[in-house]
2 protein chains.
Amino acid sequence: MLSMTGFAMNAPLRRSLLNGHSSNPLVRKLEGLAPLSEADRSILDQLAAGARLADPHVDLIREGSAPDAAFLVLKGIACRYKHRQDGKRQILSYLLPGDLCDPDIAHLSRIDHALGTLSACSVARIPREALLFAVERHPNVAQAFRRAKIVEEAVTREWLVNLGCRSAIERIAHLFCELLLRLQAVGFAENDSFEFPVTQVELGDTTGLSNVHVNRTLQELRRQGLIATGQRRLIILDLPRLRALAEFQAGYLQPAVGTDLCTAH
Amino acid sequence: MLSMTGFAMNAPLRRSLLNGHSSNPLVRKLEGLAPLSEADRSILDQLAAGARLADPHVDLIREGSAPDAAFLVLKGIACRYKHRQDGKRQILSYLLPGDLCDPDIAHLSRIDHALGTLSACSVARIPREALLFAVERHPNVAQAFRRAKIVEEAVTREWLVNLGCRSAIERIAHLFCELLLRLQAVGFAENDSFEFPVTQVELGDTTGLSNVHVNRTLQELRRQGLIATGQRRLIILDLPRLRALAEFQAGYLQPAVGTDLCTAH
DNA sequence: CGCTTACTTGACATTCTTCAACCGCAGTGG
DNA sequence: CCACTGCGGTTGAAGAATGTCAAGTAAGCG
């Protein structure tokens, strides 16, 4: 029986064998993108160690700074965003548990956008060197990171479509479908519901809508029996109809792990 | 004098010494991102060889296919785009001379967007292996490609802001500012004007506006004395005012070549 | 010359924003 | 315990921005 050998295993391995996946959302995410060895998982646990709590609506990286570390979200929701001079802001992407804000952007003269929390978050700061070390020693991890980046780019393309040619209700429906799948992938959703402590103003900054219109659009989604909200949770009541409304195609979130045409580089 | 030794040089070097830059837009672009040796330039010229002409409004890569080659634009304007079921489409990015559509996206089960020409184009098809070979043997080229990618991501972020929170006139003004700078960087602009054979429908697909509204917005830009159009050219008459109107910050197009925090990877 | 494609215009409909007020809840300090 | 405060959500009314439809014009091309 497994329990007989349990005392000899380290914690991540034991968790992994008992329930099939790690409690570290970074491991859970990357496991879905490339096969990981126990050593790979271990280094990822080291990267995730030392996480700290961050309040909601707080900046982690300010626009114009030059960070020397990446940030890994372990709990809660953070985002990249840009401000305009007139005070409007645009949220560029959500960072969910397991998502990493890589500081490659340091190549630019200044970082051109900010990183901030939406809800309260648990965030690990990963020094650049630690990340490079992990990637150099663990090719599977490097591979998984590359694939994560490719998915991230696909998500960004979908956001462009959202802002460019979907109606208000379609934008929000599409966003909710995306978030459900991404959160399911890291074990942060139950059935079709998840914690969603994002304000309507922030939803507006995400979807390019005013908070008033977000409010009315949410009411319409509720009226149609597609979602329910409350207690900082979002419950998707009718996923098939929500997906149909948003014309949501899940493919872009799931890279084909089998066919790998780009191991080198 | 230079001409005395000219006969002993190969063509790219001679061009390079005579007028300070290559006629290959890929070389011109990457030169601005990393220092290149003569061997680097030579390999880039090889990549650009064998270009073929493509008609306007033609697909180079169709949505759902799995390309094994990258495409390099040498002349004209191409774009990535996505279609919606109802026929609307969103253009995701412009590929100007020197821009490369890398096929990393083959990681996804299917490529989730199409690549097509806007104007007539001269396009080189670069087999995956040739690209990998060049990158492996020429670290400076690899470095420049990485930086090009980072700039591309910054451009995408700016497009998200465009679609999410700028008005019609600001969106178009911002796009024109971006295109001017990008085209200047590869020598495809004279003063503040450039060839711009993009239809108003396509401008609408780019900016998330209807063609009618694009038309009226262009009229407004002309009326304010900011631009002039005709003969498939765009002339920017008052760049400072256009930039002010768009709140255009050029920084994101110009990575800091001096401070390189990420040579490894 | 006739065809096609792109551009232009006007009238009208719709979507979404803005403004302003109000509600309700949770935290805070007296 | 209660009043106060602040934030987030909700509502209504009015207006601005943008889309749609339909028709007409101009320019390039075989």
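Looking at heavy-atom distances under 4.0 Å, B:R166 makes no contact with the nucleic acid at all. Within 4.0 Å (heavy atoms only), A:T199 reaches sugar-phosphate atoms of the nucleic acid but no base atom. Residue A:G208 is classed as a sugar-phosphate contact, given heavy-atom separations below 4.0 Å to backbone atoms only.
In terms of phosphate contacts, B:H213 brings no side-chain nitrogen or oxygen within less than 4.0 Å of OP1 or OP2 of C:dC7. Side-chain nitrogen and oxygen atoms of A:Q200 include at least one within less than 4.0 Å of the OP1 or OP2 phosphate oxygen of D:dT10. Note on A:R171: every side-chain N or O is 4.0 Å or more away from OP1 and OP2 of C:dT15. For D:dG9, neither phosphate oxygen OP1 nor OP2 lies less than 4.0 angstrom from any side-chain nitrogen or oxygen of A:Q219.
Going from atom SG of A:C121 over to atom CG of A:L53 covers 9.5 Å, rounded to the nearest 0.5 Å.
Atom CG in A:D205 sits roughly 17 Å away from atom P in C:dC16 (whole-Å rounding). B:N211 places its CG atom 13 Å from the C1' atom of D:dA22, with the value rounded to the nearest Å. Remark: C1' of C:dA6 and CZ of B:F196 are 14 Å apart, rounded to the nearest angstrom. Look at CD on A:E220: it is 19 Å from P on D:dG9, rounded to the nearest Å. Remark: C1' of D:dG8 and CG of A:L203 are 12 Å apart, rounded to the nearest angstrom. As a whole-Å value, the separation of B:L209 CG from D:dG19 P is 5 Å. When the C1' atom of C:dC7 is taken as reference, atom CZ of B:R232 falls 12 Å away, rounded to whole Å. Taking atom NZ on A:K88 and atom C1' on C:dC16, their separation rounds to 12 Å, with Å as the unit.
The side chain of A:N215 approaches D:dG9 more closely than any other nucleotide in the set C:dC16, D:dT18, D:dG9. For A:V212, counting side-chain heavy atoms from C-beta on, the closest listed nucleotide (D:dG19, C:dC16, D:dG12) is D:dG12.
Judged by closest nucleotide on DNA chain C, B:E202 is the one of B:E202 and B:R216 placed further toward the 5' end.
For the pair B:E158/A:K82, a side-chain contact is recorded, criterion being any heavy-atom separation below 4.5 Å from C-beta on. Within the 4.5 Å cutoff, the side chain of B:Q184 has heavy atoms near those of the B:D192 side chain.
Atom CG of A:D86 sits in a crowded spot, with more than 12 heavy atoms from other residues, nucleotides or ligands closer than 6.0 Å.
Aromatic ring centres of B:F176 and B:H174: separated by at least 6.0 Å.
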